[in-house]
Amino acid sequence: MSETYRRVADEHTPFRDLVPNTQPDNNAPEYGSTHKRHPKQPGLRTPQTVTEIAGPRFSPSHYPAVIDLSRSGGHEAMGERIVVHGRVLDEDGRPVPDTMVEIWQANAAGRYNHPNDVHDAPLDPHFKGEGRVFTDAGGWYQFTTIKPGAYPWRNHFNAWRPNHIHYSLFGPGFATRLITQMYFPGDPLLALDPIFNTVADEHARARLIAKFDIEVTRPEWALGYRFDFVLRGRDTTIVQE
Amino acid sequence: MPIATSFQTIGPYWALIEHPEMADLTRFGAAGENVVLSGRMTDGDGAPVADAAIELWQASPAASETFPGWGRCACDRDGRFRFTTLKPGPLPGPGNAQQAPHVALTIFARGILTRLVTRAYFDGEPLNDADPILGLVEDPARRATLIARPDGPGAWRIDIRLQGESETVFMEF
Ligand SMILES: [Fe+2]
């Protein structure tokens with residue numbers, strides 16, 4: 001008699017643990033702002049309950065999408081127009097559909113549209129730097145923007161952040177929440193950046209760098225980049241059929 | 001097998017995605033017992049954390065068209081935050097345990113590379129004593145960092161200390 005087994009997960013199944021070395025340590029001495037902001041006590045390990053396994057849902061009716069950051073008020077922002085697209089998957093390779101992706105970034109000159117940013121670089125009245133997109137049924141997202149500039153940040157002498165776009169994702173549960181940054185290929189500042197290098201694992205770090213994508217590059221219009229996300233997968237159990 | 005994408009800090013300029021109305025979880029017309037949950041966030045020097053994002057998530061009452069269950073608030077110059085939401089009810093816990101009413105609070109900020117997650121329970125709730133998560137914190141002084149105190153009618157207060165004396169209990173799961 002043959003026995004078959006099946007991996008089972010549903011919306012009540014907890015999420016898998018994060019993998020050591022693929023996530024930054026909040027105690028990161030090279031990044032000065034961490035010194036007074038990282039907890040000294042070890043985190044309390046807790047089981048995942050409905051609070052951690054369930055999560056908020058967002059719909060474009062309450063949170064309107066903004067898919068083109070390259071224009072504002074009918075005017076074109078300055079800088080190099082780019083298209084960024086990619087896929088949100090879980091650790092089992094399944095698409096994460098209908099999830100909200102928030103985006104924010106500096107303008108082409110490396111200046112944020114934010115009163116605390118005092119970098120001596122021009123603001124662009126036609127670039128706000130905020131976007132919001134939702135993944136489709138296949139987990140795909142896409143937006144148009146301006147390539148952000150590098151900017152100085154005073155962490156150490158001559159410190160410059162590599163070009164980057166900030167991202168916020170939610171996924172299916174509270175445990176899958178993710179905030180991260182997307183970097184650009186070939187940036188010489190990456191090797192020098194204490195924030196990028198807080199990820200110890202080389203392969204995990206490399207996955208924070210977008211890839212140039214000729215397939216979404218639009219002739220006579222904009223270069224394309226691809227950036228995929230992986231959110232925590234469910235901790236499947238194996239049952240006998 | 002792919003592995004979950006790495007976190008990076010939210011940084012100092014996340015307010016580009018800030019919308020103050022997100023701190024009011026009742027704004028879509030939710031009906032229930034309104035509560036205000038406010039507090040102040042400080043760092044290892046006791047200085048206000050003026051550029052943090054704090055997010056509130058609660059699985060009870062269940063999210064609906066009129067109640068998102070989720071909100072976000074920017075700490076002000078003095079490190080203060082304030083949410084308006086609905087009072088949560090009890091929730092099932094591991095095994096047959098029941099969880100006392102609580103909300104989860106997530107902190108993102110410059111100088112925090114991932115996220116810090118804590119919970120706010122409500123002082124005086126009879127279920128607090130048997131709550132399976134509170135029960136994991138043996139030191140009563142540390143457990144107290146997870147309990148919001150009454151702060152006037154329908155109002156509760158919880159302060160968050162990122163580091164040092166009276167450091168808030170942060171959870172990993
Ligand atoms: Fe940035």
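The chains referred to below are lettered A, B, ... by the order of the sequence lines, with proteins before strands, and numbering in each begins at 1.
The distance between the ring centers of A/His38 and B/Phe170 does not fall below 6.0 angstrom. In this structure, the ring of A/Phe58 has its center less than 6.0 angstrom from the ring center of B/Trp70.
Inspection of non-hydrogen atoms places B/Val137, B/Arg142 of residues 137-146 of chain B under 4.5 Å from chain A.
Of the inter-residue distances, the one linking A/Arg226 atom CZ with A/His85 atom NE2 reads 5.5 Å to the nearest 0.5 angstrom. Between atom NZ of residue A/Lys40 and atom CG of residue A/Asn26 there is a gap of 13.5 Å, rounded to the nearest 0.5 Å.
Heavy atoms of A/Asp201 lying under 4.5 Å from chain B are absent altogether. Only the side chain of A/Leu208 comes within contact range of chain B, judged by heavy atoms closer than 4.5 Å. With a threshold of 4.5 angstrom between heavy atoms, A/Thr198 approaches chain B through side-chain atoms but not through N, CA, C or O. Of the atoms belonging to A/Phe15, not a single heavy atom falls under 4.5 Å from chain B. When heavy atoms are compared at a cutoff of 4.5 Å, A/Val50 approaches chain B by way of both its backbone and its side chain. When heavy atoms are compared at a cutoff of 4.5 Å, A/Arg207 approaches chain B solely by way of its side chain, counted from C-beta outward. Proximity to chain B is limited to the side chain of A/Tyr183, based on heavy atoms less than 4.5 angstrom apart. For A/Ile195, the parts sitting under 4.5 Å from any heavy atom of chain B are the backbone and the side chain alike. Interface residue A/Tyr63: only side-chain heavy atoms are found under 4.5 Å from chain B. Contacts between A/Leu169 and chain B at a heavy-atom distance below 4.5 Å are absent for every atom of the residue. Proximity to chain B involves both the backbone and the side chain of A/Phe229, based on heavy atoms less than 4.5 angstrom apart. At a 4.5 Å heavy-atom cutoff, the contact between B/Phe108 and chain A is made by side-chain atoms alone. When heavy atoms are compared at a cutoff of 4.5 Å, A/Asn27 does not approach chain B at all.
In terms of non-hydrogen atom pairs under 4.5 Å with chain A, the most contact-rich of B/Leu162, B/Leu113, B/Thr42, B/Ile107 is B/Leu113. Ranked by heavy-atom pairs shorter than 4.5 Å toward chain A, the options B/Thr168, B/Val103, B/Val49, B/Thr118 are led by B/Val49.
No option in A/His114, A/His119, A/His164 other than A/His164 meets the ring pair (Phe, Tyr, Trp, His ring centres under 6.0 Å) test with A/Tyr151.
Side chain to side chain, A/Arg177 and A/Ser168 meet the donor-acceptor criterion of an N or O pair below 3.5 Å. For the residue pair A/Ser33/B/Arg110, the side-chain donor-acceptor check at 3.5 Å is satisfied. Side-chain contact of A/Gln105 with A/Thr145: a donor-acceptor pair under 3.5 Å is present, judged by distance alone.
The number of heavy-atom neighbours closer than 6.0 Å to CD1 of A/Ile67, taken from other residues, nucleotides and ligands shown, is 12 or below.
Identified under the side chain to side chain donor-acceptor pair (under 3.5 Å) test for residues 94-109 of chain B, with sequence neighbours left out: A/Thr49-B/Gln99, A/Thr51-B/His102, B/Gln99-B/Arg119, B/His102-B/Arg119.
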